[in-house]
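What's counted below: heavy atoms across the whole structure, side chains too, no hydrogens, waters or symmetry copies.
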Amino acid sequence: MPDWSYHPLKKLVLNKLSAKSSRAFIHHSMQTIATIPGGRHIIGFLGHMQPASSLSKTINNKVFASPIGLSSVIDPHMTGSKAFQELGFGFFEIGPIVLDNPVTQIAPIMRDKRIHFSYHPEKITLKDALRNLTKTQFKLPIFATLDEGLGDQEAALIVQHLTPFVDAFIVTNAQLQQFTFISARPYFVVRVAGDVQEIHPNANGVVLQALRYFEERDWTEAENTHETMRLATQSVKERNPKKTIITSGGIETPEQATALIQAGADLCMLTEGYVNAGPGLPKRIHEKLLHNQNSPIENNPWQWSFLFGLSIFMAGFIALYFAFTTVILSYDEAFIGLTKEEITLVNPRILAFMMHDRMALAGTMIAAGILYMQLARFGVRHGLHWAKVAFHSAAVAGFLGIFLFISFGYFDWFHGLFWLLLLPIYYLSWMEGKRVTRTPASHHATNDAAWKVGVYGQLFFVLLGFLLIIGGVVISTIGVSHVFITTDIAFLCMPAERLQSISDGLIPVIAHDRAGFGSALVSVGLLVLMLALWGYHAGQRWVWITFAIGALPAFIAGLGTHFYIDYTTFIHLLPVYFLIVIYLLGLLFAYPFLMKKEKNI
C-alpha cells in the first residue's frame with residue numbers, strides 16, 4: 001500500500017477504526033495481494049521500493065540489502081510478513097516469542113494521535129512463529145526477540161527450534177547473563193536509549209530502544225525522543241566501535257534515519273513512525289541515503305530515445321493535418337470504394353465522425369511524443385532505471401497495437417510504414433539504455449506540508465494513468481468488436497447495418513481508427529502511470545511540467561474535435577470531463593512538492 005493510497009485511506013477510513021482493526025485490515029489486504037499469483041510483482045510495480053545495491057552492508061557474515069528494518073510491534077502476529085518483504089526493508093524483527101499464549105494480551109490503541117502499547121503486549125508463540133517462518137519463504141534476515149519473562153530452559157528450547165530460521169536473537173542483559181547454553185546465532189541485548197551502560201561481552205551488539213512515556217495502563221514512545229536516540233547511539237558507538245548498533249524507534253522522517261546512521265547506527269528498526277509516515281518511509285530513507293552518498297551523475301546516451309519520441313510527436317502533427325483537411329486518404333477511398341465526396345453525399349456526418357477519431361488519435365500521439373522525449377531527456381540521460389522501464393513498456397505496448405489495426409481486415413499501410421521506420425530507431429534506443437541502472441536519490445528529508453499535500457497529487461496522477469489505460473482498452477475492444485456505441489449511432493443518425501450496406505469497407509476503416517486510438521491511449525496511460533508511480537520526487541520540476549504539457553494535446557484534440565463536429569452528447573463526453581478534473585487536481589496538489597527550487601535527480 002503506497003503512500004498515495006495509504007494516507008487518503010488512513011484519513012478517511014482507518015483513523016475511524018480501532019488501531020487493531022485498521023492494522024488487521026491493512027495487513028490482511030497486503031498479505032492477500034502478496035499471496036495471489038503475481039501479487040508480489042503487483043506490490044513491486046506500485047511501490048518500486050527495492051533499495052539500491054550501494055546501500056547493502058554485511059554484518060556478522062549476513063548481507064542486509066538495506067539498513068532499515070521493521071520492528072515486531074508493527075506486526076506482532078506476522079500477519080503481513082509476506083507483503084512486508086516487498087516494501088524495501090532490509091530485515092525483520094519477530095516476537096516477543098513465548099512458549100504459550102499469555103492469559104492477557106492487549107492490542108495497541110490510538111489515543112491523542114499516538115499509539116499506546118499495553119503493559120500486557122501482544123506476543124507470538126513458538127508454534128505460530130515456526131508455522132509462519134516455514135510457510136513464508138523469507139529472503140531477508142530475521143531477528144527473533146525472546147520474551148523477557150522466559151526462564152533459561154524455555155529460552156534454550158526456543159533458541160534451539162528457531163536457530164535454523166532466524167539470523168540473530170534479541171534478549172535482555174539479564175537473560176544473557178543467566179543463559180547456560182550456546183547459540184549458533186549472535187545475540188543482541190536490549191537497552192533503552194537513555195541507558196548506555198557497558199554491553200555484555202557475549203553480545204554481538206545492542207538494540208537501543210526509543211525512550212518511553214509511561215502512563216497508568218500503557219506506554220507510548222516519548223515525543224522528541226530522536227535526539228536522545230542520536231546521542232545515545234553516538235556514545236555507544238564511540239565506546240564499542242566493533243559492536244553492532246541497532247536502533248528501534250525514534251524515526252518518522254528520512255532526516256531522522258540518516259542522522260542515526262551518521263551517529264553510528266548500523267541498522268534501524270521502524271516503529272510508530274512507520275505508521276504515521278506511511279509504507280513509503282523506507283523508500284524515502286533510501287533515497288535520502290543515496291543523496292548523502294553524493295555519487296556523481298554521469299550522462300548516458302539518450303539521443304535515439306529522444307528521436308523516437310520526436311518521431312511520434314511529428315507524426316501526430318502530420319495525422320492532425322490530414323484529419324483537419326482531407327480526413328481520409330486515397331488508399332482509404334480505394335478500400336472503401338467511395339470517394340470523400342460520395343461519402344459526404346450519402347451522409348456528411350460519416351466523415352465528421354471519422355475526423356473526430358483521427359483527431360483524437362493525433363492528439364494522443366503528440367502527447368505520447370512529449371512524454372517519450374521528456375523521459376529520454378531527464379530520465380534515460382541521467383541513467384534512471386525506472387525511466388527506461390517506463391519508456392520501453394509503453395513503446396512495446398504501442399508496437400503491439402498494430403495488430404488491432406487489422407482486426408477487421410483493413411491494414412493501413414501508412415501506419416505500417418511509420419512503425420517500420422520507427423523500429424530501427426527503437427532498437428537503437430533499446431541498445432543505448434542497456435547501461436541505465438541507477439536508482440533515484442532525493443534531498444527531501446521531512447514530512448512537511450508540501451509532501452503531505454503532494455501525496456494527493458500523486459494519487460490523482462496514478463488514477464489518471466489507470467483510467468487512461470482502462471479507457472484505451474475499452475475503446476480498442478469496441479474497435480475490434482461492434483465498433484459503435486449508442487451515442488455514435490445517434491450522432492450518425494444511421495445504424496451500423498445501413499453503413500455496412502453503403503460499403504463493405506466503411507466499417508473496417510472506422511474500426512481501424514478506433515482500435516488505433518485505443519492502443520495509443522493505452523501507451524499514454526502507461527507513461528503517465530509509471531511517471532506518477534516511480535518519478536514522483538520532491539523538486540522534480542520536469543515531472544510536473546511533463547504532466548502539465550504532456551496531457552494538453554490529448555485533451556485539446558479529444559475534446560475540441562467533439563465540439564468542432566457538434567458531437568457534444570453529455571454522457572459521451574462525461575469521461576473526458578472527469579479526466580480533466582483529475583488532471584487539474586493532480587497539477588494543483590503536486591505543484592508545491594514537485595516544483596520546489598531544489599533540483600535533484
Self-check item: Pair Asp266 + Lys237: basic N to acidic O under 4.0 Å
Solution: yes
Quiz item: Are Asp218 and Arg111 close enough for a salt bridge, meaning some N to O gap below 4.0 Å?
Solution: yes
Quiz item: With a 4.0 Å cut-off, would you call Lys139 and Glu86 a salt bridge?
Solution: yes
Quiz item: With the threshold set at 4.0 Å, does a side-chain nitrogen-carboxylate oxygen contact exist between Glu221 and Arg212?
Solution: no
Self-check item: Pair His444 and Phe593, ring centroids less than 6.0 Å apart
Solution: yes
Quiz item: Is any NZ, NE, NH1 or NH2 atom of the basic residue among Asp167 and Arg185 found under 4.0 Å from an Asp or Glu carboxylate oxygen of the other?
Solution: no
Quiz item: Given the side-chain rings of His392 and Trp430, with only the six-membered ring counted for Trp, is the space between their centroids under 6.0 Å?
Solution: yes
Self-check item: Pair Phe188 + Phe143: ring centers closer than 6.0 Å
Solution: yes
Quiz item: For residues Thr546 and Gln374, is any side-chain donor paired with an opposing acceptor at under 3.5 Å?
Solution: yes
Self-check item: Aromatic ring proximity, centroids under 6.0 angstrom, Trp219 and Tyr213
Solution: no
Exercise. Taking atom types as modelled, find out whether Thr32 and Thr35 have a side-chain donor-acceptor pair closer than 3.5 angstrom.
Key: no
Quiz item: Under 4.0 Å between a Lys/Arg side-chain N and an Asp/Glu carboxylate O for Glu298 and Arg438?
Solution: no
Quiz prompt | Donor-acceptor contact below 3.5 Å, side chain Thr125 vs main chain Asp128 | solution = yes
Practice problem: Determine, using ring centers only, whether Trp302 and Phe378 are less than 6.0 Å apart. | Solution: no
Quiz item: On the ring face of Trp451, is Arg284 found with NZ or CZ under 6.0 Å from the centre and within 45° of the axis?
Solution: yes
Self-check item: Ion pair check, Lys20 and Glu122, cut-off under 4.0 Å
Solution: no
Quiz prompt | Donor-acceptor side-chain pairing of His27 and Thr79 below 3.5 angstrom | solution = yes
Practice problem: Could you go through the side chain to side chain contact (heavy atoms under 4.5 Å, CB included) check for Asn202 and Phe179 one step at a time? | Solution: CA-CA 11 Å; Asn202 292 337; Phe179 284 170; over 6 Å; no
